[in-house]
Q: 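One structure coming up, written as structure tokens, with questions to follow.
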Amino acid sequence: MKILFLNGPNLNLLGQREPEVYGRTTLANIEAAVRARAKQLKAGVDFRQSNVEGELVDWIQQAKGRFDVIVINAAAYTHTSIALRDAIAAVGVPTIEIHLSNVHARENFRRKSLIAPVCCGQIAGFGLKSYILAVEASVHVNEMAKSN
Ligand code: CA2
């Protein structure tokens with residue numbers, strides 16, 4: 001099975017800015033941990049980041065037939081992007097929403113996710129471990145999809 005990991009705006013700054021909020025782990029550290037767990041579970045991984053909403057939309061559209069599951073940390077676009085929501089709904093690839101922080105314990109505007117209703121589930125609040133849990137959830141979602 002193949003998993004497409006998508007990371008939204010400013011996540012390229014992880015570990016370099018605001019360590020008090022997002023910690024010292026870099027996106028490269030996260031990618032390495034994701035690849036290690038995916039290898040154990042015999043899953044392939046493509047891991048991407050963009051600050052551009054339209055590029056994320058393009059990648060979601062192109063996932064059809066190429067990936068079994070999409071995992072997305074849409075960052076700030078989580079709370080604003082109807083375009084990402086429409087792309088996830090249109091592509092029909094099971095999608096898991098993830099966040100490093102517990103978005104429900106932060107500012108009110110972070111409690112609303114426009115993509116949650118078109119995702120199969122949400123993992124938030126576990127830092128790098130949110131990504132590892134998402135690898136495991138992807139395998140589960142794929143097995144469920146195959147048995148239906
Ligand atoms: O907790 C998460 O994973 C978020 O998706 C992170 C987003 C935020 O807008 C969401 O509400 C929750 C922000 C990502 C920006 O990351 C930075 C990293 C270092 C320095 C500045 C921003």
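Counting starts at 1 for both ligands and their atoms, following the listed order. Along the sequence shown, residues are numbered consecutively beginning with 1. Side chains are part of it too, since the values below use all heavy atoms of this structure and drop only hydrogens, waters and symmetry mates.
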Q: For atom 4 (C) of ligand 1, what is the closest protein heavy atom, and at what distance to 0.1 Å?
A: His99 ND1, 3.7 Å
Q: Please report which non-hydrogen protein atom sits nearest to atom 15 (C) of ligand 1, along with the residue it belongs to and the distance in Å to one decimal place.
A: Asn10 CB, 3.6 Å
Q: Classify the contact between Leu13 and ligand 1 as side chain, backbone, both or neither, using a heavy-atom distance cut-off of under 4.0 Å.
A: both
Q: Specify the protein heavy atom at minimum distance from atom 21 (C) of ligand 1: its residue, its atom name, and the distance to 0.1 Å.
A: Glu18 OE2, 3.5 Å
Q: In ligand 1, which numbered atoms sit nearer than 4.0 Å to a non-hydrogen atom of Ala76?
A: 9 (O)
Q: Which option out of Glu107, Arg111, His79 puts a heavy atom nearest to atom 10 (C) of ligand 1?
A: His79
Q: Measure the spacing between CG of Leu6 and CD of Glu55 and express it to the nearest 0.5 Å.
A: 10.0 Å
Q: Hey, does Leu11 have a side-chain heavy atom less than 4.5 Å from the side chain of Leu100?
A: yes
Q: For atom 13 (C) of ligand 1, what's the nearest protein heavy atom and its distance?
A: Tyr22 OH, 3.3 Å
Q: What do we get for Val21 next to ligand 1 when only non-hydrogen atoms under 4.0 Å count, side chain, backbone, both or neither?
A: neither
Q: What is the nearest protein non-hydrogen atom to atom 19 (C) of ligand 1, stated with its residue, atom name and distance?
A: Arg17 O, 3.4 Å
Q: Can you confirm whether Leu84 sits close enough to Leu56 that some side-chain heavy atom of one is under 4.5 Å from a side-chain heavy atom of the other?
A: yes
Q: About how many Å separate CG of Asn10 and CG of Leu27, when rounded to the nearest 0.5 Å?
A: 11.5 Å
Q: Could you give the distance from CD (Gln122) to OG (Ser130), rounded to the nearest 0.5 Å?
A: 9.5 Å
Q: With a 4.0 Å cut-off on heavy atoms, does Thr78 reach ligand 1?
A: no
Q: Should Thr95 and Val118 count as side-chain neighbours, where that means a heavy-atom distance under 4.5 Å?
A: no
Q: Among all protein heavy atoms, pick out the one at the shortest distance from atom 3 (O) of ligand 1; state its residue, atom name and that distance to 0.1 Å.
A: Leu100 N, 2.7 Å
Q: Is it the side chain, the backbone, both or neither of Arg110 that has a heavy atom closer than 4.0 Å to ligand 1?
A: side chain
Q: Which residue and non-hydrogen atom of the protein lie closest to atom 1 (O) of ligand 1, and at what distance in Å?
A: Ser101 OG, 2.5 Å
Q: Which residues pass the side-chain hydrogen bond (donor to acceptor under 3.5 Å, both in side chains) test with Ser101, not counting sequence neighbours?
A: Arg106
Q: Please could you name the atoms of ligand 1 that Leu11 approaches to less than 4.0 Å, counting only its heavy atoms?
A: 14 (C)
Q: Are Thr78 and Glu97 linked by a side-chain donor-acceptor pair shorter than 3.5 Å?
A: no
Q: Could you list all the ring-ring contact (aromatic ring centres under 6.0 Å, His included) pairs where at least one residue sits in residues 34-89, not counting sequence neighbours?
A: Phe5-Phe47
